[in-house]
Each structure stands twice: as C-alpha cells, then as structure tokens.
Enquirer: 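Can you keep this structure in mind? I'll have questions shortly.
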Amino acid sequence: MAPQQTGSRKRKAPAVEAGAASSSSQGSAAAGGEGPLLLKKQRRPATRRSLVPYLKGREVGARGRAGLLGFEGELRGYAVQKLPELLRERELALGTLNKVFASQWLNARQVVCGTKCNTLFVVDVQSGQITRIPLMRDREPGPARAQPSCGIHAIELNPSKTLLATGGENPNSLAVYQLPTLDPVCLGDRLGHRDWIFAIAWISDTVVVSGSRDGTVALWRMDPDIFNGSIAWHNDAGLPVYAHIRPRDLETIPRANTNPSNRKVRALAFNRKNQELGAVSLDGYFHLWKARSTLSRLLSIRLPYCRENVCLTYCDELSLYAVGSQSHVSFLDLRHGHQNIRPLCSREGGTGVRSLSFYQHIVTVGTGHGSLLFYDVRAQKFLEEKALASPDSSPGPAARKLKLTCGRGWLNHDDLWVNYFGGVGEFPNALYTHCYNWPEMKLFVAGGPLPSGLHGNYAGLWS
C-alpha cells in the first residue's frame, strides 16, 4: 500500500485534450394534487398562483403539498429559462495551472477541479483560495505504466455526495476520496485499465463505472467496510493508507468496421430509472449497457456526426441523451429507437462542443471558442437575447442567439506561443467543463486554450 497525506503538496505532469460534463436534470411534480379531506360544508379554495400566498402557505403549514410542488416546479422552469440572460461573470485566478478539464461543486462555495497538468484542487469561489489535493499513487508502477501526461479528465460525486471518484497519479487508475474530508479511500490500480481514464459515472452510492482510452468500461464496487463509520488506516508515520482494488467487471467496446482502432471511450452518462449506462466512443458510436452488478451491452448506434464526440449527458425528465461533437449536439431518445429531435449546430467555427449539461429542458453548451450557448429542447431553438428585442418585434431569424462570452483567463507566453502562434495576444478558451449550483443559481465554468501545445487556464463564476 502507498501512503498519502492530504495537504497542499504539488504534483505536475502535462497531457492532451479533454471535455466532458456531468449531466444534471430534475423533474417537477404536476400541479393540482389533492390534500387531506375537507369538512363537508367547506369549499376547496381556488388555487392562487402567486408567490405571496405560496410563501404564506409555507409559513403557516398549508395543506395540499402536491399543488405547492407543482407551483415550485413552475417557478424552477421559469428560473431555468430566465437565468442565463441574467448571469454575469467574475473571473477566478488559477495561477499557472494548465487547462481545467473537470469540475464539480462540493458545497455552496467550493468547487473541486482537475487539470491537464495532473493537479487535483479545490477552489473557494468566494475567496479565490486554492487547496491542492495529493493524488493517490499505484502500489506497483510496473513497466507498462502510462506516461503521466494526460491529466485529470473526470470528477464525479456519488448520489449521496459522500464519495468522489477521479483519476490517480497514474491516469489509468481510478481514485476514490471520502467527502467532505477528501481523505483517500481506495485506488483502482489492479487489473484495470491499460490507458488513460476519460470518463466516470456512479450507478449507486458504492458502485462506479470508468471509461478508458483503451476501449474498455470497468465497473468498480466499494467495500462498505473501507469507508463506513470512523475507520481510518494509518501507517507508522501517521499518514493515511488507502486500499488497492480491482474491477468487478471489465467490458470491451465492440470494434467498428469503419474505424476499429479508434474505439476510445470518451464520455459516460447514467440513466438511473432504467439502470442503463450510455457511452460514447471516438469511432462515432453510442453504446448502451445494462449496469447492475455487472455490465451487459444492449446496443450500439452509429452517431450522425462522428468527429470529436467528446461529451455526453442525460436528461431524466425527457429520457434523452445528448452527444456533443465537433459542431453539433445530437439527441437520442431510445424509447423510440431513433433520433426524433433534430440536432443543433453550435456554429462556432468548427471548434467543437466541449462540455454539455441538461437541466429540465435546457441544454447548456460549452464551446471550444470561449462561449456558452443555451438550447431549449422543447421549443427546439436557442434561447435569444431578450434585452435586444423591442416589444413590437416578432420572433424570427433576426433574433440574436443568447451567447455568454468568457474572459481571457491566463496564457503562458512561452517559446512555443511565440514561434508557432506568432505571438497572438489572445486565444479564446475552450470551455472543457461547467457545472451548476442551482440552489444558489451559480454557474462555474473552466477550461483553457484550445491548441494542445499552449499552456494556460480559465475559470469563472457566473451568477
């Protein structure tokens, strides 16, 4: 076992491109539900759709909770549609870190991030303070250990937010930390992936799936004895020691006839209702697996746009997968067995869709050109800039698409920048990751320059 100590120790190593975002969806209850029986001579009061009676009802403990839930759902839906045009950016300084590939909110003010330079850190969005988290090290590096140059591509929290899964010091290994302390729990470095981990998805509180560049999907189960209660393992020096585990199941993505060598798994998304796991591979296919104690492949579908499929998300409310490619977002409704919603084009100069998230019927798209777009799946159109539209104008092709453009971030003006990019002063930042804190209506966005050789970063809090 290899001991590690939580602290601010630095670990660096360079890497390649990434881009995946976690899915986020939340349904709303239907309005009009009945409350307890009323007295015979009483009449049921008419529903009052106003915020004042709703708050008064909460204060006095009003009945008819189903109706209130429906009203709350309407408020959430309205907020989801109106929030993007109200967001304003505050950039966060990340020093000389290189390209943020993954992020997740830990609480109301802390976001955990992973970078291309193989750094795992927590940033306080209020104070800007950065705390580095030591990476877990393989027990036996071995001769086949991958070069530590791809960074951390994925960070995911389990449903109860008690465990966090990400990459280890060796990017082939799956590291699991306990929350909120971020103490190391275990490292999946035994008989697992032979190449970099690009994607992670929890299918329960103790079972997680990882997808790798080697074309495999691995299912890992956490032994409850490792992290339940107050169990803590320490060596003679008082440093925490973590377990080394192997996958319970390891499945290979089927080879495509068109591009058999490019079946790298780039993104995962889990359908909790059906216990199904979606996976996107770089050969242009979407794969579906039944995910329980083992993985059982259900189907593989050729995607309509096959270049740079690097992000995937799922919407529980609409039962819809969304796949981001070089210039489009494709939608898959597997209940109907085909694509019944037309794909959207990002129109961002071929720089690609780099991050995706669903919330209710709104898809947030992070592009490779430093902008955020918002697409209404039900209306099948982008949200528009309401402030620029006059009251008398009718909606049409002249309406401008709502687009939030991110700040400059930081760019290292090194020899490569001077010699190969002509000393260009600014490069738009690819938005490799974004995540919402909906209770406080905040959006964290991060990334860095799109060209793989450039060193830089961007992070911003939109609220």
Side-chain angles (χ1 to χ4, degrees), residues 8-21 89-103 111-123 125 128-135 146-155 166-171 195-198 213 266 308 310-311 326 348-355 366-372 405-434 444-461:
S8 57
R9 193 179 309 165
K10 298 181 180 179
R11 301 190 186 280
K12 294 185 179 179
V16 291
E17 306 283 329
E89 179 193 36
R90 178 169 62 88
E91 281 199 54
L92 301 171
L94 300 182
T96 59
L97 293 172
N98 189 22
K99 299 181 184 178
V100 180
F101 282 159
S103 64
V111 179
V112 59
C113 303
T115 72
K116 180 177 179 179
C117 56
N118 223 34
T119 301
L120 182 67
F121 69 92
V122 175
V123 58
V125 297
Q129 179 182 352
I130 292 176
T131 304
R132 301 195 184 208
I133 309 302
L135 301 181
Q147 56 181 1
S149 59
C150 85
I152 296 172
H153 286 261
I155 299 174
T166 184
E169 185 179 76
N170 177 358
D195 210 333
W196 307 338
I197 291 176
F198 274 151
R213 200 173 76 150
R266 283 307 307 257
E308 297 186 26
V310 297
C311 46
Q326 188 181 59
E348 286 293 306
T351 55
V353 176
R354 299 294 161 176
S355 58
T367 73
H369 208 260
S371 60
L372 291 165
T405 302
C406 294
R408 297 176 58 180
W410 171 79
L411 180 64
N412 186 15
H413 295 172
D414 54 11
D415 291 341
L416 186 144
W417 169 75
V418 173
N419 296 330
Y420 292 92
F421 295 94
V424 177
E426 289 186 37
F427 272 93
N429 290 294
L431 305 182
Y432 294 114
T433 180
H434 68 264
F444 178 83
V445 186
L450 184 62
S452 61
L454 290 182
H455 185 117
N457 66 66
Y458 163 81
L461 179 68

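The analysis underlying the following values was restricted to heavy atoms, covering all of them including side chains, and did not include hydrogens, waters or symmetry mates.
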Enquirer: Under a 4.5 Å cut-off applied to non-hydrogen side-chain atoms, are L372 and V445 in contact?
Expert: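 Yes, close enough: below the 4.5 Å cut-off.
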Enquirer: Is any side-chain heavy atom of N412 closer than 4.5 Å to a side-chain heavy atom of L454?
Expert: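 N412 does not reach L454 side chain to side chain.
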Enquirer: What heavy-atom pair brings S452 and K116 nearest, and what distance separates the two atoms?
Expert: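 Heavy-atom minimum between the residues: O-NZ, 2.7 Å.
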Enquirer: When the ring planes of F101 and Y432 are compared, do they come out parallel, tilted or perpendicular, using 30° and 60° as the limits?
Expert: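 Because their plane-to-plane angle is over 60°, the rings of F101 and Y432 count as perpendicular.
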Enquirer: Enter the distance from F198:CZ to R213:CZ here, rounded to the nearest 0.5 Å.
Expert: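 One gets 5.5 Å once the value is rounded to the nearest 0.5 Å.
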Enquirer: Using side-chain heavy atoms (C-beta onward) and a distance below 4.5 Å, is T433 in contact with V100?
Expert: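 In contact.
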Enquirer: What's the spacing between T166 OG1 and I133 CD1 if we round to 0.5 Å?
Expert: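 Here the rounded value is 11.0 Å.
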Enquirer: side-chain contact (heavy atoms from CB on, under 4.5 Å) with E91: which residues, sequence neighbours excluded?
Expert: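 Only E89, Y458 meet the side-chain contact (heavy atoms from CB on, under 4.5 Å) criterion with E91.
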Enquirer: To the nearest 0.5 Å, tell me how far L120 CG sits from T131 OG1.
Expert: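 The CG atom of L120 sits 11.0 Å away from the OG1 atom of T131.
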Enquirer: For the residue pair L97 and W410, establish whether any side-chain heavy-atom pair is separated by less than 4.5 Å.
Expert: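 In short, these two side chains do not touch, never coming nearer than 4.5 Å.
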Enquirer: To the nearest 0.5 Å, what is the distance between CG (D195) and SG (C150)?
Expert: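 So the CG of D195 and the SG of C150 are separated by 8.0 Å.
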Enquirer: So does H369 get a backbone contact from the side chain of R354, meaning a donor-acceptor N/O pair under 3.5 Å?
Expert: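 Between the backbone of H369 and the side chain of R354 there is no qualifying donor-acceptor contact (under 3.5 Å).
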Enquirer: Less than 4.5 Å apart, any side-chain heavy atom of T115 and any of N457?
Expert: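 A side-chain contact under 4.5 Å is absent here.
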Enquirer: Under 6.0 Å from the six-membered ring centre of F121 and within 45° of its axis: does the NZ or CZ of R132 meet both?
Expert: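 Cation-pi check for R132 and F121: fails.
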Enquirer: Taking side chain as C-beta onward, heavy atoms only, is P449 less than 4.5 Å from N429?
Expert: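 They are in contact (side-chain heavy atoms under 4.5 Å apart), so the answer is yes.
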Enquirer: Write down the atom of C311, the atom of S355, and the distance for their closest heavy-atom approach.
Expert: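 Of all heavy-atom pairs spanning C311 and S355, the closest is SG-N, 3.9 Å.
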Enquirer: Could you report the tightest heavy-atom contact between T96 and H455, atom names first, then the distance?
Expert: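 For T96 and H455, the tightest heavy-atom pair comes out as O-NE2, 2.8 Å.
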Enquirer: Considering only heavy atoms from C-beta outward, does the side chain of S103 approach that of I155 to under 4.5 Å?
Expert: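 In short, these two side chains do not touch, never coming nearer than 4.5 Å.
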Enquirer: Is there a side-chain contact between V111 and L461 (heavy atoms, below 4.5 Å)?
Expert: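 Not touching, per the 4.5 Å side-chain cut-off.
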Enquirer: Could you please spell out the steps behind the side-chain contact (heavy atoms from CB on, under 4.5 Å) verdict for N118 and L135?
Expert: CA-CA 9 Å; N118 223 34; L135 301 181; 3.6 Å; yes
Enquirer: Can you see which heavy atom on I130 is nearest to which on A93, and at what distance?
Expert: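 In this case the closest contact between I130 and A93 is CD1-O, 3.8 Å.
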